[in-house]
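Please read the structure below before turning to the comments.
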Amino acid sequence: MPLLFGATTTVGISIIILKQLTNLVREKEWIINIDDKFLNLKFRGINHHIQLSDIKIIKNLGNIGLRYLTIKTKNNVIKIRVGNTGLAPFSKQKDIDELDAFVQYLKPYIDKHFNEKVLKNIVQPNIIPNFGVYVVKEEKIKYSIINRMKPWQVVVFILGILVLIMILFVNIMEYIFFK
């Protein structure tokens, strides 16, 4: 009975916290204006006035119902997240379409001034329009260990770490309960 009460209480508190966090995200809106040389972004009352030549990395990642657009400059990192799936219920399909249209509008500039990073750990690289990580041509492309791996190697790596964690957990539990 105490275990059932604890589990129910934990799930209830988690749902309440998730509901409050969702309400915080739901009221936010990005305003994006772009001209030939500048990108103006406004979010939560903060204005970002970025010169296009200051952008170092553009990441356009995601899946069917979720988009992660990250713009890294010399001074800051701007992250735009939109989604309408169960795990990201804070946008509408119209928002996703507008973000895709924005990236499509930037695509000629990206093609001219950026190199695309080859991501070997992605199973299907054309999930969304203009999917990819773009690095400015003057910068050397750096790959992390995960980005150099193939998808099956990533799965084996994660499973290996999980097995190690389970072995450590079992050893600790044996030590605590069976001294």
Side-chain angles (χ1 to χ4, degrees), residues 1-32 41-48 57-73 75-103 117 119-133 142-179:
M1 193 61 152
L3 182 64
L4 184 63
F5 177 72
T8 306
T9 305
T10 303
V11 169
I13 291 172
S14 298
I15 289 173
I16 291 170
I17 290 172
L18 184 61
K19 177 74 172 142
Q20 294 301 319
L21 290 174
T22 303
N23 288 338
L24 289 175
V25 174
R26 202 176 291 241
E27 304 298 325
K28 308 305 177 206
E29 179 180 43
W30 283 92
I31 299 172
I32 302 172
L41 302 167
K42 183 177 181 184
F43 181 66
R44 294 184 185 166
I46 300 171
N47 289 321
H48 299 282
I57 296 175
I58 297 174
K59 295 180 182 180
N60 186 33
L61 305 173
N63 59 29
I64 303 286
L66 185 66
R67 301 291 190 274
Y68 298 108
L69 178 64
T70 304
I71 300 172
K72 290 186 181 183
T73 65
N75 301 325
N76 55 9
V77 177
I78 299 161
K79 297 178 181 180
I80 301 174
R81 309 286 188 256
V82 293
N84 64 357
T85 59
L87 296 175
F90 43 80
S91 302
K92 297 180 175 76
Q93 184 63 38
K94 181 184 106 178
D95 300 326
I96 294 172
D97 295 338
E98 287 178 2
L99 189 65
D100 287 342
F102 170 67
V103 175
K117 201 174 190 181
L119 303 174
K120 294 181 182 177
N121 63 352
I122 304 297
V123 177
Q124 182 185 2
N126 298 321
I127 301 168
I128 61 173
N130 303 311
F131 181 90
V133 177
K142 298 175 185 171
Y143 291 98
S144 66
I145 293 172
I146 292 287
N147 285 335
R148 283 187 247 148
M149 293 178 164
K150 292 184 171 68
W152 68 269
Q153 292 171 324
V154 173
V155 170
V156 169
F157 179 72
I158 291 171
L159 289 175
I161 289 175
L162 289 175
V163 167
L164 285 174
I165 290 171
M166 288 303 296
I167 289 170
L168 286 172
F169 179 72
V170 168
N171 285 336
I172 291 170
M173 295 309 280
E174 278 183 355
Y175 179 76
I176 291 173
F177 291 114
F178 300 112
K179 284 187 185 179

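Keep in mind that this is a model prediction, so the values were computed, not measured.
The line from CG of L61 to CG of L69 is 9.0 Å long, rounded to the nearest 0.5 Å. Atom CD1 of I158 and atom CE of M149 lie 9.0 Å apart (nearest 0.5 Å). Taking CZ of F102 as the reference point, atom CD1 of I32 lies at 5.0 Å (rounded to 0.5 Å). With values rounded to the nearest 0.5 angstrom, T73 atom OG1 is found 11.0 Å from I58 atom CD1. In this structure, CD1 on I64 lies 9.5 Å from CD on Q93, to the nearest 0.5 angstrom.
Under the 4.5 Å side-chain criterion, counting only non-hydrogen atoms from C-beta, D100 is not in contact with N130. Within the 4.5 Å cutoff, the side chain of N63 has heavy atoms near those of the L66 side chain. The closest side-chain heavy-atom distance from I96 to N84 is below 4.5 Å. Contact of the Y68 side chain with the K59 side chain is not registered, since no non-hydrogen atoms from C-beta on lie closer than 4.5 Å. At a threshold of 4.5 Å between non-hydrogen side-chain atoms, the residues I78 and T70 do not count as touching.
More than 12 non-hydrogen atoms from other residues, nucleotides or ligands lie less than 6.0 angstrom from CG of L162. Annotation for M173: atom CE counts as buried by contact number, over 12 foreign heavy atoms lying within 6.0 Å. Atom CG of L3 sits in a sparse spot, with 12 or fewer heavy atoms from other residues, nucleotides or ligands closer than 6.0 Å.
Closest heavy-atom contact between V103 and N60: CG1-ND2, 3.6 Å. Listed here is the closest heavy atom pair of N76 and H48: ND2-ND1, 3.5 Å. R67 and L99 get closest at one heavy-atom pair: CB-CD2, 3.5 Å. When all heavy atoms of K79 and V77 are compared, the closest pair comes out as CE-CG1, 3.9 Å. Nearest heavy atom pair, residue T8 against residue L4, reads OG1-O, 2.8 Å.
In terms of modelled atom types and a separation under 3.5 Å, the side chain of N171 and the main chain of L168 share no donor-acceptor contact.
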Please step through side-chain contact (heavy atoms from CB on, under 4.5 Å) for the pair M166 and V163, ending with a clear verdict.
CA-CA 5 Å; M166 288 303 296; V163 167; 5.7 Å; no
